[in-house]
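Heads up: the structure comes next, in structure tokens.
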Amino acid sequence: MTERLEQPTIEKEDVLFKNYGTHRLSMVRGDGVWLYDDKGSRYLDFTAGIAVCSLGHAHPAVTEAIVRQAQTLIHCSNLYGVPAQLRVAKKLTEESGLGRVLFCNSGAEANEGALKLARRYGTRIRADKTKLISLPGAFHGRTFGALSVTPKPAYQAGFLPLLPDCASPPSLADVLQEIDARTAACIVEVIQGEGGVHPIPVSFLRDLQAKLREHQALLIVDEVQTGIGRTGEMFAFLQASLQPDILTLAKGLGNGVPVGAIVARQEVADVFDAGSHGTTFGGNPLAMAVVEAVLEVVSEPAFLKHVRELGEVLRAALEERFTNVTGRGLMWGFDVPIDAKEFVRLAEENGCLLTAVGPTRVRAVPPLILDKQHVDEFARCMDSILALPQVTVPARRQ
Ligand SMILES: Cc1ncc(COP(=O)(O)O)c(C=O)c1O
């Protein structure tokens, strides 16, 4: 037997950028709704890799698709046709009512492509139809274009100047005012995820759609976080009866395998002609095999019904314990009585993973395969935290 040499410990600070801050936990294995760290501790995962692993960890259909495709063909680039792209695109167009699909690799890249598409479409109507509008509290990604429509000073600091001709008015009423003949598009999330899980009022979304149409401007619906079943429908825009011109997807599409998509009305999609946009990896056979497997599971009516039902069970558990509970399906935000980051730390200590999305705001986006038992387990964990002396706020003591 060969002697195993002791490997020197590699410190994160010595090899990685500092942008993700300090990690308290390092994950090495996942199984369904559970994640396991390198010390062998188990956590109920209410982050799902930031609303990505909708079918949970190590889902057999996803694993089987990866193994099968890895043994066949992982990548060949868009120099060649990828037959599975056609099947996935057909499914996405059927589900969305939109006409054409372009695959990419992430949410930011999908939005980047959507913004380019909107400008190209707009400038064919008139040369100065270039203005891109976003909503207060929006999050669309970290690349330059996506960041230009993400009006968060902390994210933009040090990266100025961003894209010219982007407007992020301070209120929803101001957004409607901003739309004019020069507007190429407005980009919206039906429920703002990173902004704190805030649903945008449906009446506003309908007014927005009408005003954009009046000015031949496009509605881009960013469903990078809400799409693929997260809110209990395949897409959240269906619940608001919207008709997007462009829809962007990523996260839940690949259950953890990086993939994104731009879905658009045919007339809009057609302004990208041969050579006008592209990506090396987008829509490669490995990603497509996984997306096909994911869509087969998620598009089952019984699966989406399960998301809606469990969503109501989780909502009830949250409303019993917290204030300002907002969201839909299995995407919820709630206010906590202490600093959100500290609350998340305490949740980790008690075996449950959550994310902080505001100073006192926390988000729960568990895998969609969650069952009632897991919600009970989550509720027990929350009760343990709420019983801690440092968490008990004066109002609760009375
Ligand atoms: C609504 C929305 N759009 C875009 C993005 C960016 O996606 P990615 O991190 O894959 O670039 C996110 C990520 O959280 C998101 O929630």
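We count ligands from 1, going down the list as the structure has it; atoms in each ligand are counted the same way. Just so it is clear, the values below take in all heavy atoms, side chains as well, and ignore hydrogens, waters and symmetry mates.
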Does K131 pair with D180 as a salt bridge, N-O distance under 4.0 Å? yes
Can you name the residues that come within less than 4.0 Å of ligand 1, going by heavy atoms only? S106, G107, A108, N111, F139, H140, G141, E189, E194, D222, V224, Q225, K251
In the single-linkage hydrophobic clustering (I, L, V, M, F, W, Y; side-chain heavy atoms under 4.5 Å), do Y43 and V362 co-cluster? no
We want to know whether Q239 and T231 form a side-chain donor-acceptor pair, criterion being a heavy-atom distance below 3.5 angstrom. yes
Kindly indicate, with the supporting measurements, whether the criterion side chain to side chain donor-acceptor pair (under 3.5 Å) is fulfilled by R119 and T130. CA-CA 5 Å; R119 280 224 171 135; T130 51; 4.8 Å; no
Is there a side-chain contact between L44 and V33 in this structure, where contact means two heavy atoms from C-beta onward sitting under 4.5 Å apart? yes
List, one per line, each side-chain donor-acceptor pair under 3.5 Å for residues 16-29, sequence neighbours excluded.
{"unit_1": "R24", "atom_1": "NE", "unit_2": "E348", "atom_2": "OE1", "d": "2.8"}
{"unit_1": "R24", "atom_1": "NH2", "unit_2": "E348", "atom_2": "OE1", "d": "3.4"}
{"unit_1": "R24", "atom_1": "NH2", "unit_2": "E348", "atom_2": "OE2", "d": "3.1"}

